[in-house]
Asks: 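Can you keep this structure in mind? I'll have questions shortly.
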Amino acid sequence: MALASVLQSESVDFSNYGRQRRGFASGLTETELGLESVGGDSLSFALRTSCSNGDGPDRKIEFLHGTTTLAFKFQHGVIVAVDSRATAGSYIASQTVKKVIEINPYLLGTMAGGAADCSFWERLLARQCRVYELRNKERISVAAASKLLANMVYQYKGMGLSMGTMVCGWDKTGPGLYYVDSEGNRVCGDLFAVGSGSMYAYGIVDSGLKQKDLTVEEACDLGRRAIYQATYRDAYSGGQVNLYHVHSEGWTRVSQSDVLMLHQQYQAEKA
Amino acid sequence: MAMSYDRAITVFSPDGHLFQVEYAQEAVKKGSTAVGVRGKNVVVLGVEKKTVAKLQDDRTVRKICALDDNVFMAFAGLTADARIVVNRARVECQSHRLTVEDPVTVEYITRFISSIKQRYTQSNGRRPFGISSLIVGFDFDGTPHLYQTDPSGTYHAWKANAIGRSAKTVREFLEKNYKEEHMESDTDTIKLAIRALLEVVQSGGKNIELAIMKRDESMKILVQEEIEEYVTAIVKEKEEAEKQKKKT
């Protein structure tokens with residue numbers, strides 16, 4: 001919501017900040033401002049960067065809301081799977097974006113929203129985590145790391161940050177998975193999918209997670225398939241599927257698979 | 001020579017002393033004794049209770065303070081200074097729970113208290129805190145700890161220690177009588193603390209305030225009767241030991 005105010009005003013004008021927020025309460029709907037909440041779920045969102053006024057191209061901020069990122073906990077840790085496409089409107093800016101940020105050898109962060117915001121704040125988080133580790137002689141817990149990130153961005157709430165990230169790791173209480181965004185949400189959970197393709201990914205993971213004990217192989221395959229399915233149906237997701245597995249020793253980069261290859265593979269399996 | 005270097009505490013003396021800090025340590029030596037013992041499953045803090053005036057309400061003179069469910073502390077020195085430190089520590093324990101979603105470790109809160117004390121030895125117009133403190137408790141993973149801080153802002157871990165008046169005597173007693181095997185038993189740990197205090201406290205159990213914490217339990221301040229029980233047992237043991245000595 002604050003994002004829209006950044007796009008529409010000449011400059012980020014903090015003196016109008018109070019007025020614009022009240023404007024929301026008095027009935028400006030989200031669609032009028034070019035924002036749509038996909039599936040009515042406030043946790044995943046897609047921003048159409050087509051502004052109504054003419055100076056769209058001048059203000060082309062590259063966003064990664066057109067994305068699919070996914071993470072889920074299972075018996076042997078956490079699987080993190082992301083796509084790698086960046087779009088600006090209908091233009092595919094890149095097919096090889098790294099949407100998983102390696103905070104430290106046992107913590108991962110995913111990227112959805114503004115690329116700069118995500119990578120900047122997560123690198124800052126990495127610095128905080130390292131200082132914590134040195135001061136307290138033990139690794140920081142996933143709960144604490146996600147809390148630090150949430151507190152950092154909360155101070156900028158309403159100023160136009162756009163970040164929807166999942167902090168995934170393994171600490172002394174086992175696997176940890178938190179969703180943190182620039183609105184100030186911080187939620188612990190077993191499964192999250194963020195981005196324009198999240199609904200399609202949820203469909204695959206929800207049905208695949210029915211059976212309780214997945215092996216590492218099965219879980220990786222599930223994550224890969226979920227992202228593939230999202231790239232198949234969502235125009236704003238594509239490129240490659242980057243897959244990570246977080247376990248007690250830290251994280252491992254499992255695979256990087258081009259979705260076109262996956263498509264051929266799955267088609268062959270069907271036949 | 002010493003006189004001209006102790007007005008502003010931020011100034012070193014030519015031979016490297018921070019006189020205000022050393023004077024603060026003198027103030028601590030005038031405070032009532034406090035003893036701490038770290039057992040295997042229980043941690044004990046005992047303080048010498050100064051004789052209370054007839055009209056004074058006994059309960060308001062508490063020298064042992066809980067900082068959180070798993071940590072508590074006793075101090076020796078200026079009570080008013082201690083109040084400030086305890087307050088800040090209590091707030092920090094909760095802030096830690098809020099940011100990190102875990103209770104503090106004993107080492108963390110000791111480090112925090114020591115940092116406050118050190119800050120006051122390095123700023124203008126402020127004097128150091130005139131207290132030493134004994135901080136005890138259990139960490140999240142169940143390990144017991146006992147730390148001592150002093151006005152300079154340093155802290156050390158101890159198995160058993162004493163601060164305040166006659167601290168040296170009590171510490172020597174502890175060094176002589178601390179036995180690793182005895183620390184397995186809760187009663188023996190408590191008895192060691194009481195025996196150490198009895199060395200310097202006048203007139204026995206009436207002037208002792210004792211608090212214990214067992215793993216996964218909250219701090220418990222012993223009532224007078226319980227302390228009397230321990231004291232009677234200790235006196236009996238002493239008498240029997242002396243009888244044994246006389247026989248041989």
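Below, chain A is the first sequence line, B the second, and so on; all start at residue 1. All values reported here derive from a predicted model rather than from experimental measurement. Any value given below was found using the heavy atoms of this structure, including those in side chains, with hydrogens, waters and symmetry copies removed.
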Asks: Do chain A and chain B have donor-acceptor pairs under 3.5 Å, and which are they?
Replies:
residue	atom	partner	partner atom	Å
A/R135	O	B/R111	NH1	3.3
A/R135	O	B/R111	NH2	3.2
A/N136	OD1	B/R111	NH2	3.0
A/K147	NZ	B/L98	O	2.6
A/K147	NZ	B/E101	OE2	3.3
A/K172	NZ	B/D102	OD2	3.3
A/R186	NH1	B/E101	OE2	2.9
A/R186	NH2	B/E101	OE1	3.2
A/R186	NH2	B/E101	OE2	3.0

Asks: Counting distance only, does the side-chain N/O of A/D181 pair as donor-acceptor with the main-chain N or O of A/M163 below 3.5 Å?
Replies: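 No, because the side chain of A/D181 does not come within donor-acceptor range (under 3.5 Å) of the backbone of A/M163.
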Asks: Does OH belonging to A/Y156 count more than 12 external heavy atoms closer than 6.0 Å?
Replies: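 No.
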Asks: Tell me whether A/R253 at atom CZ has more than 12 heavy atoms from other residues, nucleotides or ligands lying less than 6.0 Å away.
Replies: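 Check passes, neighbour count above 12.
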Asks: Consider side chain to side chain contact (heavy atoms under 4.5 Å, CB included). Of A/T215, A/L222, A/V216, which one does A/E218 pass it with?
Replies: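 Exactly one option meets the side chain to side chain contact (heavy atoms under 4.5 Å, CB included) with A/E218, and it is A/T215.
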Asks: Please tell me whether A/Y244 and A/W251 form a close aromatic pair, meaning their ring centres lie under 6.0 Å apart.
Replies: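 Here the rings of A/W251 and A/Y244 have centres that are less than 6.0 Å from each other.
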Asks: How long is the span from the CE atom in A/M199 to the OG1 atom in A/T68, to the nearest 0.5 Å?
Replies: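 It comes to 10.5 Å.
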